[in-house]
Amino acid sequence: MHELGIAENILQIVRQSVPEGQTAAVRRIKLRVGKLSGVVAESLDFCFGVMIGDTDMNRAGLDIEDVPVTSKCRECGNAFATDDFAFSCPACGGNSIEVVSGRELEIVEIELADESGEQI
Amino acid sequence: MSVITIERKVLEKNEQIAARNRQIFQEHGIFVLNLVSSPGAGKTSILEKTFQELRDELNIAVVEGDVQTDLDAQRVARYGVPVIQIVTSGGCHLEATLVQDAVGNLDLKELDILFIENVGNLVCPANYDLGEALKVVVLSTTEGDDKPLKYPAMFLNSSVLLINKTDLIPYVNCDLNRLRNNALQINPSLRIFEISCFTGAGIPEWCNWLRKKEV
Ligand SMILES: Nc1nc2c(ncn2[C@@H]2O[C@H](COP(=O)(O)OP(=O)(O)O)[C@@H](O)[C@H]2O)c(=O)[nH]1
Ligand SMILES: [Mg+2]
Ligand SMILES: [Zn+2]
């Protein structure tokens, strides 16, 4: 619902992180997006494409890794991935479950083209 | 090809400002609650009921977030409570920087409780920290008992659930037990109050909890 704002944040962070004068060389931005982050990968991808439009970064693309919800049982310590939200422990049936991952919304790495290599 | 590894949170800027807000609130001893729900669940009605009960004992202020209009701010202002309006002009959630600006217009010295009424939306506000002490999710009985399962992030990130419009239970297909169980399955530590702004049921219990939290 607010992927345009998210795309804007990503662009800002990438510009801060890339050495000066090299933003045009950005090709791939690797993101980790949790299922609970509220971000829909397809619309983020679309918004990002619109944002970079005819900027110098227009050859960049998003590489989105979906992070599933991982839970941990407080009763038996079992950790497990859940795709839906039927939150009970598959090992012991316990109902006291703690979510340990799935909220992520992170930029992991940025890949730059080797400028000199590309001119050949 | 060369790779720069950065590991940065996309919402880091919001989180930094939220942390600053939280520090200011703590320094002034203000208990800050971020009210979230879908549109019409009863956030503003709950605020009105809460003021009626607490305004003589506690200094309360409100930040009203709305996509358009200041109608809710007008409703709240009738109770003599300081209110700052934020109009997001289409934005689907409040962000920490908007709250930072709004709070700049409040006299924080005397304040005990600050309510932030977020934009009506059960998705996005879950992921934007504003600097609050806790999130209060409001769900009305007319929305159905399956909503915690459909919007798990909101219920996971909230500390309190207000089940509102309990007066309508005879007319709607909402099983309170199932609603409660669904919510607790997502977040076992949720504190739940069943209330009705129409009859006033449950409001004293909710306000008692606020009194204890505040001191
Ligand atoms: N029957 C009934 N109606 C309610 C209750 N609480 C709120 N309402 C009505 O629900 C509508 C939306 O309430 P409002 O407080 O504006 O919701 P908000 O959008 O979450 O701020 C209004 O018409 C209220 O009068 C309740 O407990 N019972
Ligand atoms: Mg309202
Ligand atoms: Zn278990």
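Order of the sequence lines sets the chain letters (A, B, ...), proteins ahead of strands, with each chain counted from 1.
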- How long is the span from the CD1 atom in A/I97 to the CG atom in B/L156, to the nearest 0.5 Å? 11.5 Å

- Query: So what's closer than 4.5 Å to chain A heavy atoms on B/E95: side chain, backbone, both or neither?
  - Reply: neither

- Task: Against chain A, label B/Y128 side chain, backbone, both or neither, depending on which of its atoms sit under 4.5 Å from a heavy atom there.
- Result: side chain

- Contacting moiety of B/K9, where chain A heavy atoms sit under 4.5 Å: both

- Top of B/A153, B/P188, B/S2 for chain A proximity - count of heavy-atom pairs under 4.5 angstrom: B/S2

- Rounded distance [0.5 Å steps], CD in A/E111 versus OG1 in B/T5: 10.5 Å

- Do the side chain of B/N127 and the main chain of A/S37 share a donor and acceptor less than 3.5 angstrom apart? yes

- Query: Do A/I110 and B/V3 touch side chain to side chain, with heavy atoms closer than 4.5 Å?
  - Reply: no

- Message: Quick one, B/E7 with A/R32, criterion salt bridge (charged side-chain N to carboxylate O under 4.0 Å, His left out). Give me CA distance, side-chain angles, the key distance, then yes/no.
- Response: CA-CA 9 Å; B/E7 300 276 354; A/R32 213 179 277 135; 3.8 Å; yes

- How far does SG of B/C124 sit from CD of A/E3, to the nearest 0.5 angstrom? 7.5 Å

- Item | Straight-line distance of A/I107 CD1 to B/E12 CD, nearest 0.5 Å | 7.5 Å

- Minimum-distance pair of heavy atoms, taken over all atoms of A/S17 and B/I4: O-CD1, 3.9 Å

- Just give me the residue among B/L184, B/N182, B/N157 that pairs up with chain A most often, heavy atom to heavy atom, under 4.5 Å. B/N157

- Item | Under-4.0 Å salt bridge between A/E8 and B/K13 | no

- Task: Measure the shortest side-chain to side-chain distance between B/L11 and A/I6 over non-hydrogen atoms and say whether it is less than 4.5 angstrom.
- Result: yes

- Determine whether more than 12 heavy atoms belonging to other residues, nucleotides or ligands lie under 6.0 Å from atom CG of B/N173. no

- Item | Structural part of A/E98 lying under 4.5 Å from a heavy atom of chain B | neither

- Query: Side-chain contact, heavy-atom cut-off 4.5 Å: B/M1 with A/R28?
  - Reply: no

- Check whether any side-chain heavy atom of A/V108 sits under 4.5 Å from a side-chain heavy atom of B/R8, and report yes or no. no

